[in-house]
Amino acid sequence: MKTTDTATTGVETPGGPGGPGPAVTRTTAPAPRKESKSEGATLNVFSHGVLIIWAIMVVTPLLWAVMTSFKTDKAIFTSPWSLPDKLHFENWSRAWTEAHMSDYFLNTILVVGGSLIGTLLLGSMAAYVLARFDFPGSRFIYFLFIGGMSFPIILALVPLFYVMQNMALLNTLHGLIVVYIAYSLPFTVFFLTAFFRTLPTSVAEAAFVDGASHTRTFFQVMLPMAKPGLISVGIFNFLGQWNQYLLPTVLNTEPEKKVLSQGLVQLAVSQGYKGDWSGLFAGLVMAMLPVLAAYIIFQRQVVAGLTAGAVK
Amino acid sequence: MQHGKYRFIVGFLAAPLALYALFVIWPFIQSIYYSFTDWTGLSPEFGMVGFDNYSRMLDDEIFWKSFQHSLILALVLPLVTVGLALFFAFMLNVGGRRRRGAAIAGVRGSSFYKIVYFFPQVLSIAIVALLFQFAYNPNSGAINSVLKGVGLGSIQPDWLGDPDLALICVMVVLVWSTVGFFVVLFSAGMASIPRDFYEAALLDGASRFTTFFKITLPLLWDTVQSGWIYMGILALGAESFAVVQIMTVGPSGGGPDYSTIVLPLYVYQKAFRDGQAAYATTIGVALLVLTLAFAAVVTKLGRRERLEF
C-alpha cells in the first residue's frame, strides 16, 4: 500500500471528525440487544460457505486448464476431468515452437513495452501541463481527452482502419503501439491530472527560481514525485494493453505479427481442422501464467493501483 | 513561472494531442460523417445518401436483435455483477465472527479471498472466452461431464449451441471474469468507512442486514454508481465483442440464429466481413447513442446527496 498512499486520498484516512454522518435509525428504546452467540456462528458459517463456493468457481477453470495442458488429445476428449496419465511436457514445447507461441509472446512484449512507455511519457506530459498551467483552451483540451473514456472504440475503428492503411501503419507493430497509446491517453490523462494537482507546488517553484527550465523541472523534480501515480496508472495500462483483443483483431491481421490473445484465438480456430488441442491448452496456460504470477507477487500494488482512481 | 511558459505548454501538449486527435478524435468525427454516405470501404469513391442508412437500420431485423441483446447485457450484467460483488465484499468486511475489541470484523482469510477473486481480472478476456468455450462443449466439455458424473447424464444441454441458452452462457462468463474487480473495489471503499458508525448501529441493536442498507450502501454510493456505469460500458463495448466473437462461432458468427449477436460484433461484421463500411458506422452511431443514454440515465437515477465523512 505504501506506494500509492498519496494517490488514494481518503481511502486510508479512517475516522475523521465524522460530521453529521448517516442517519442511523434510532428506536425509542435503544435497548442494546445482545447478539446471541449462535446467530453469529450461523452467519459465520454462511459467509464462509458462500465465499468458498465462489473461490472454487474461480479457481477450478484455471486448474482444469493447467491439468488439461499436460494430457493427450485423446484423454482431453474422453475423460475431461481425470488426471493426466503422465505429464506430457511435449505439449508445451510443441506449442512454444510449432504453434508460434514464442512469436506471439515476443510481439506482445514489444507492443506492450513500447506503448506502456509511450503512454506514461506522453500522458504525464499532457497531464502536467493541464494540471499546473492556466492557458486559453486548457479546459477544452482536458475535456477533449477525458471525453474519450465514454466512447465505444468500435465506432472509431472503421475509419481508423483506413487512416492506418493510408499511413502504411496497418499490420505493423509500431502502428499498433501508437494506437494503443492514443486509446490509453483518456484514462491516463484523467488520472494523472488529478494526481499532479495533489502534489505540492513549492518544490517545483523552488527549482524554477533556482534557474531550472520548465522541462528540466518536470523531468527532474515533478516526475520523480509522481512515481506512485505513475505506478498506479502503469499497472492499469499494462493489464489493459496486455489483454487487448479488439484493436489487434482489426488492425493487425498478418499471421506473424499477432499478439498473444489474438494468436491464441487464431490457433483455436485452426485447431478445428488440425486437432492439436493439448498444444492449444499448453499455449493458453503459457499465456495465463506470467500475468497470474506477476499478480500474485505484486498483488498489493496492483489492487492499490486499480482502486486508487475509483474509490473516493 | 512565466518565462517560456507558452513554448513549454505547446511543446508538451503537441505530441499527445496530435496522436489523440489523429487516431481517436478524427476517426470518431469521420464515422459520423460516413454514416451519411454509401461508402463500401473497399473503393475510395462514395456519395452522400442522407438518412438512407438510418432508415435501413430501423428495418434491419438483425440490427434490432443485436440492439436487444446489447440492451439486455447493459441492464442485467451490472445488476448481477455489482450485486454479487457488494454481497461478497460485505461478507468479507463485516460478515465475520466478532472478535475481541472489534464491533465488526471480516471473515478469517478475507485477504486470501480477495486475492483469489481477482484472478480472472488479470487474464485476457480472449483467454477466458476460449477456456469457457471448451467447458461448454456439449460432447466432451467439462460442464457436461460433471453432469454425467453426478448422475445427471440425461441433462446434456447444448449450451452455446442452444439459442435459448447461448446468451446466458455468455453473460455467465462476463460475470465470472469481472466480479472480482468490484469485490476488491468495494472492499477498499468499505474499509474506509469509520468503524464507529458500525459500533453505534450495533449498540442500538441494528442487525447486519440493516447496517448494510443504512450505513454501507449510502456511504459507498459514489463508488457503486461509477462501478455500475463502468460495467455497463464494458457490457456494451469491447468485452462483449470479444466473448461473443470467440465463443459463439456459428456459421454467421453471433450464435445459432443470431441468438448472441451484440452491437459491436454487428458493426465489425458489416465493416470488415460484408464490405459495408458506411452502414457499419451507422450501427456504431446507434451504439454510441445507447452508451451515452445508459450513462446519462444511471447518473441521473443514482444522483443523491453526497455523504461526507
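Every chain is numbered from 1, with letters handed out A, B, ... down the list of sequences.
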Using modelled atom types only, decide if a donor and an acceptor are shared between the side chain of Y245(A) and the backbone of V243(B) within a distance under 3.5 Å.
no
I29(B) portion near chain A, given a 4.5 angstrom heavy-atom threshold
neither
Please give me the minimum heavy-atom distance between W176(B) and V58(A), naming the atom from each residue.
CZ2-O, 3.4 Å
Nearest 0.5 angstrom please: F28(B) CZ to I153(A) CD1, how far?
7.5 Å
As an exercise, state the distance from CG of L130(A) to CG of L17(B), rounded to the nearest 0.5 Å.
8.0 Å
In terms of heavy-atom proximity below 4.5 Å to chain A, should F118(B) be classed as side chain, backbone, both, or neither?
both
What part of I127(B) lies closer than 4.5 angstrom to a heavy atom of chain A: side chain, backbone, both or neither?
both
Any donor-acceptor N/O pair, K5(B) side chain to D134(A) backbone, under 3.5 Å
yes
Looking only at A14(B), A271(B), S145(B), G237(B), the option with the highest number of non-hydrogen pairs under 4.5 Å against chain A is S145(B)
Value for CD1 (I246(B)) from CD (Q262(A)), rounded to nearest 0.5 Å, stands at 10.5 Å
V303(A), V302(A), L264(A), L284(A): which one forms the most heavy-atom pairs within less than 4.5 Å of chain B?
L284(A)
M149(A) side, atom CE; I229(B) side, atom CD1 - distance, nearest 0.5 Å
11.0 Å
If I measure from the heavy atoms of chain A, does I283(B) come under 4.5 Å with its side chain, its backbone, both, or neither?
neither
L51(A), V129(A), V291(A): which one forms the most heavy-atom pairs within less than 4.5 Å of chain B?
L51(A)
The interface call for T281(B) against chain A, heavy-atom contacts under 4.5 Å, is both
Note, P16(B) side chain near L185(A) side chain (heavy atom, < 4.5 Å)
yes
Interface moiety of V179(B) toward chain A, non-hydrogen atoms closer than 4.5 Å:
side chain
Taking the ring of W64(A) and the ring of F134(B), is the distance between their centroids below 6.0 Å?
no
Please flag which part of I52(A) lies under 4.5 Å from any non-hydrogen atom of chain B: side chain, backbone, both or neither.
both
Interchain contact, K148(B) with chain A, by part (heavy-atom threshold 4.5 Å)
neither
Structural part of A295(B) lying under 4.5 Å from a heavy atom of chain A
neither
Gap between atom CG of L287(B) and atom CZ of F151(A) - 0.5 Å precision:
12.0 Å
Answer yes or no: is there a side-chain heavy-atom contact under 4.5 Å between H48(A) and Y113(B)?
yes
Taking the side chain as everything from C-beta on, heavy atoms only, tell me whether L239(A) gets closer than 4.5 Å to V122(B).
yes
From the list F135(A), F133(A), F208(A), F218(A), ring pair (Phe, Tyr, Trp, His ring centres under 6.0 Å) partner of F8(B) resolves to F133(A)
Relative to chain A, which of V146(B), L263(B), L236(B) shows the most heavy atom pairs under 4.5 Å?
V146(B)
Engaged part of F112(B) at the chain A interface, taking heavy atoms whose separation is under 4.5 Å
neither
Residues A15(B) and L122(A): closest non-hydrogen pair is CB-CD2, 3.9 Å
Working to the nearest 0.5 angstrom, can you tell me the gap between T119(A) OG1 and L19(B) CG?
9.5 Å
Chain B heavy atoms under 4.5 Å from W54(A): which part of the residue, side chain, backbone, both or neither?
both
Under a 4.5 Å heavy-atom cut-off, does chain B meet the side chain of L169(A), its backbone, both or neither?
side chain
Ignoring hydrogens, what is the shortest heavy-atom contact between F23(B) and V179(A)? Give both atom names and the distance.
CD2-CG2, 4.1 Å
Of the listed V267(B), I9(B), N137(B), the one with the largest count of heavy-atom pairs under 4.5 Å with chain A is I9(B)
Assess the pair W39(B) and Y162(A): is the distance between their ring centroids shorter than 6.0 Å?
yes
Is chain B contacted by the side chain of V50(A), its backbone, both, or neither, given a heavy-atom distance below 4.5 Å?
both
When the 4.5 angstrom heavy-atom criterion is applied to I141(A) and chain B, the contacting part is side chain
Heavy-atom contact with chain A under 4.5 Å, split by part of E239(B):
neither
Which of these, V158(A), L160(A), L155(A), sits in a side chain to side chain contact (heavy atoms under 4.5 Å, CB included) with S31(B)?
L155(A)
Which atoms form the tightest heavy-atom contact between A126(B) and S261(A), and what is the distance?
CB-CB, 3.7 Å
Of all heavy-atom pairs between P152(A) and T291(B), which one has the smallest distance, and what is that distance?
CG-OG1, 4.1 Å
Geometric class of the F119(B)/Y295(A) ring pair [parallel <30°, tilted 30-60°, perpendicular >60°]
perpendicular
Report the relative orientation of the aromatic rings in F219(A) and F12(B); use parallel for angles under 30°, tilted for 30 to 60°, perpendicular for over 60°.
perpendicular
Within-4.5 Å side-chain heavy-atom neighbours: Y268(B) and T249(A):
yes
With a 4.5 angstrom heavy-atom cut-off, is it the side chain or the backbone of L84(B) that approaches chain A, or both, or neither?
side chain
Hey, does the side chain of Y20(B) reach the backbone of F145(A) with a donor-acceptor pair shorter than 3.5 angstrom?
yes
Looking at chain B, which one of L247(A), L292(A), T60(A), V59(A) has the largest number of heavy-atom pairs inside 4.5 Å, strictly under?
L292(A)
Correct closest heavy-atom pair for Q30(B) and P159(A) would be OE1-CB, 3.4 Å
Does the side chain of L62(A) reach to within under 4.5 Å of the side chain of L123(B), using non-hydrogen atoms?
yes
